[in-house]
Number of protein chains: 2
Amino acid sequence: MRMDARKQDILLAIITDYIATAEPVGSRTIARKYRLGISPATIRNEMADLEDMGYIEQPHTSAGRIPSELGYRYYVDYLMKRQELTPEEEGLIRESYHQKVRDVGEVIQRTGQLLSQLTQYAAMVMPPKIGTSRFKYIRLVQLGSEQAMLVAIMDSGIVHHRIMEIPRGITAEDLETISTVLNAKLQGRTMDSIKLTLVKEIYLELIKHRKIIEMVMELLQDSLTRLPEERIYLGGILNILNQPEFRNVEKVKTLLSLLEQESLLCNLLADDVGREGVTVRIGREIRCRQMSNCSMVVATYRLKGKPVGTIGVLGPTRMDYARVVTVVEHLTKNLSRALENLLGGWDK
Amino acid sequence: MRMDARKQDILLAIITDYIATAEPVGSRTIARKYRLGISPATIRNEMADLEDMGYIEQPHTSAGRIPSELGYRYYVDYLMKRQELTPEEEGLIRESYHQKVRDVGEVIQRTGQLLSQLTQYAAMVMPPKIGTSRFKYIRLVQLGSEQAMLVAIMDSGIVHHRIMEIPRGITAEDLETISTVLNAKLQGRTMDSIKLTLVKEIYLELIKHRKIIEMVMELLQDSLTRLPEERIYLGGILNILNQPEFRNVEKVKTLLSLLEQESLLCNLLADDVGREGVTVRIGREIRCRQMSNCSMVVATYRLKGKPVGTIGVLGPTRMDYARVVTVVEHLTKNLSRALENLLGGWDK
DNA sequence: GTTAGCACTCGATCGCATTGAGTGCTAAAC
DNA sequence: GTTTAGCACTCAATGCGATCGAGTGCTAAC
């Protein structure tokens with residue numbers, strides 16, 4: 001069976017209506033609201049075809065039709081019309097990014113807030129992945145006789161700090177010396193590129209502080225790989241409770257318990273790092289069983305052309321894809337630009 | 001009407017049962033489960049008295065009784081029995097605090113997790129209030145030709161960092177000079193104690209960098225007063241969804257929307273800073289209308305004897321107060337001790 | 001190929017009777 | 001005077017059947 005123009009019209013009408021009302025759509029409704037110039041009976045025949053083809057389904061015999069995952073997929077790929085933002089919304093975005101920012105985290109947070117506010121779904125923003133970011137400045141600061149603070153500033157604008165034990169007898173001057181050497185050796189390098197040879201070099205220069213260097217490297221490794229990836233900005237969960245599909249608390253509970261596992265979210269978002277444009281994952285296309293009634297819209301943002309992180313929206317499969325895709329697209333661009341402004345000019 | 005021993009027994013039975021089952025308690029239930037040696041009829045008479053006195057109420061005529069806020073108050077003040085933690089729970093706490101920590105935030109986070117895990121309600125932890133914390137180390141690090149990162153380490157273990165614009169023409173050496181002077185002047189001082197005189201002193205030494213100093217002070221001010229207070233650790237919200245009082249989504253929504261306003265939470269927690277021991281706020285004693293069916297249990301933790309923050313648990317008024325109070329008490333002590341270990345030895 | 005007509009399906013809603021937990025009152029027992 | 005058994009009464013919750021109506025699929029006419 002071919003998908004002729006009329007079938008497309010009907011499918012579009014069903015999906016549009018269902019997205020708006022969350023109620024199964026019947027043939028009468030379509031005939032009345034979407035003036036396609038055909039009678040309910042004809043629509044019914046077409047709907048039976050569409051159901052055979054797998055694009056729509058029937059919750060029960062005496063109800064209207066709702067889109068299937070396949071239906072949404074077809075909609076997103078072929079039927080969905082671009083939807084521009086209103087001038088007010090554009091203004092809101094511009095204003096939000098125009099404020100002075102002082103920190104990468106702040107940009108991330110604002111993006112997340114806009115994302116959830118504009119879409120009315122849950123927003124997720126993965127901060128710039130810093131595996132490839134470079135050391136800008138490193139320093140050990142003495143705190144007490146047995147403790148020091150390790151501070152590392154990366155060119156991604158992220159600051160790492162960790163408290164560490166230091167052996168007795170280390171003086172502030174020792175730390176100064178170590179800091180200087182660390183800076184000289186590590187500045188401009190990425191964590192990944194710090195190979196054994198380099199560590200050896202540092203060892204040689206600081207042979208008497210072997211212990212402390214080992215600790216520093218360990219902390220850096222740890223701080224740079226484990227922690228930051230888990231800190232995903234998550235906002236607008238409240239919005240999701242407004243969706244009728246989450247009227248019963250059990251659903252809410254399962255979703256919330258998933259969202260609490262940041263590592264899971266992280267994987268979901270990381271899947272699409274680097275992909276061009278906006279990706280839509282519908283229902284089971286999200287590789288997560290308990291989210292099978294949800295969809296995700298994600299996109300990668302970039303710094304100097306290189307993908308560094310992703311932003312995404314999570315909502316029910318009955319999501320206003322046209323709108324969400326537009327918003328995600330806009331915000332990805334804005335976020336990339338904002339990061340560029342904030343961090344772009346650092347390596348003079 | 002006096003509150004004799006028998007009335008107390010009955011009130012205790014009602015509250016204990018209601019806390020356990022969330023169902024209104026009838027006279028038969030009490031006679032059966034709590035062997036007080038009196039018949040349901042007698043209990044009914046006493047219950048009528050207790051209702052007159054305002055300690056219990058009836059949802060509707062043909063239902064059992066539930067405790068009123070006054071009833072819970074009486075329970076918490078006079079009837080509640082201390083409840084010790086099991087050895088397993090003690091072990092869990094010990095283990096959790098025994099792990100190496102590298103950061104104040106980590107301690108806070110662990111405390112919050114324990115709090116929600118052990119009580120099965122929502123946990124809130126306010127990080128150490130740093131208005132009174134002292135500068136340990138300050139530094140401006142050049143990032144690009146027009147930007148620098150301001151890093152300030154406080155003796156509370158908190159690290160502030162902000163990106164700032166710098167005027168063109170400032171060299172790395174200039175920043176070095178400024179950093180040195182800032183360190184010399186600010187080390188060991190609190191933000192509050194930095195009066196005009198001190199700022200003037202700094203001005204004099206760095207007369208040619210007036211602009212930059214102004215910006216630094218502004219950023220410090222901003223960073224130290226606004227941001228950190230709002231970053232309250234909040235966890236275990238999921239637990240609250242397990243409570244039968246939150247079976248309908250509307251309730252969940254109003255509560256979640258309140259919990260999203262960190263400044264509100266902050267005020268609620270801040271109310272009790274410095275108070276001795278554990279404070280229990282029942283229903284409308286929390287000064288927040290929408291939380292009138294909730295209770296809070298909060299306590300202040302200390303560093304070197306000085307109150308620096310509070311931890312708290314939020315749950316329905318039908319909360320297991322005995323247990324929660326014990327847990328909060330324990331964790332407050334543990335948190336104080338952990339901070340002491342981490343930060344106590346810093347000002348040699 | 002399209003559409004009007006019609007029988008049919010089935011969830012949702014409403015009304016009504018039933019149930020049962022719990023009460024308050026009264027009168028008898030202790 | 002206090003306690004308790006007995007009893008009538010209340011009222012939310014539960015269950016059940018009737019009804020409703022949105023929507024379908026099929027058939028026959030256009």
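In what follows, every chain begins at residue 1, and chains take the letters A, B, ... in the order their sequences are listed.
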Specify the separation, in whole Å, of atom CG of A:L50 and atom P of D:dG25. 12 Å
Is there any ring-ring contact (aromatic ring centres under 6.0 Å, His included) pair reaching into residues 52-77 of chain B, and which pairs are they, with sequence neighbours excluded? B:Y55-B:Y74, B:Y72-B:Y321, B:Y74-B:Y78
Rounded distance in Å - CG (A:D49) to P (D:dC26): 12 Å
If a pair satisfies ring-ring contact (aromatic ring centres under 6.0 Å, His included) and one of its residues is in residues 10-35 of chain A, list it, with sequence neighbours excluded. none
Show which side-chain atoms of residues 239-246 of chain A pair as donor or acceptor with protein atoms under 3.5 Å away, not counting sequence neighbours.
{"residue": "A:N239", "atom": "ND2", "partner": "A:S116", "partner atom": "O", "Å": "3.1"}
{"residue": "A:N239", "atom": "ND2", "partner": "A:Y121", "partner atom": "O", "Å": "3.2"}
{"residue": "A:N242", "atom": "OD1", "partner": "B:K253", "partner atom": "NZ", "Å": "2.9"}
{"residue": "A:Q243", "atom": "OE1", "partner": "A:R318", "partner atom": "NH2", "Å": "2.9"}
{"residue": "A:E245", "atom": "OE1", "partner": "A:R318", "partner atom": "NE", "Å": "3.1"}
{"residue": "A:E245", "atom": "OE2", "partner": "A:R318", "partner atom": "NE", "Å": "3.2"}
{"residue": "A:E245", "atom": "OE2", "partner": "A:R318", "partner atom": "NH2", "Å": "2.8"}

How long is the line joining CG of B:N45 and P of D:dT2, in whole Å? 11 Å
Nearest-Å distance for atom pair CD/P, residues A:E46 and D:dG25: 12 Å
If you measure from the Lys or Arg side-chain nitrogens to the Asp or Glu carboxylate oxygens, is any gap between B:R82 and B:E84 under 4.0 Å? yes
Side chains of B:T42 and B:S39, donor plus acceptor under 3.5 Å: yes
Go through residues 6-22 of chain B and report each residue with a non-hydrogen atom lying under 4.0 Å from DNA chain C, sorted by number. none
Evaluate the side-chain proximity of B:I232 to B:V125: yes if any heavy-atom separation is below 4.5 Å, no if none is. no
At under 4.0 Å between heavy atoms, how does the protein contact nucleotides 12-22 of chain C? Give one character per nucleotide, 5' to 3', with B, S or -. ---------BS
Are the charged groups of B:R281 and B:E69 less than 4.0 angstrom apart, N to O? no
Of all residues at least two apart in sequence or in a different chain, which pass the side-chain hydrogen bond (donor to acceptor under 3.5 Å, both in side chains) check with B:T300? none
Separation of atom CD in A:E51 from atom P in D:dG23, rounded to whole Å: 15 Å
For the pair made of CD1 in A:I56 and C1' in D:dG25, what is the distance, rounded to whole Å? 14 Å
Starting at CD1 of A:I66 and ending at P of D:dT24, how long is that distance when rounded to a whole Å? 13 Å
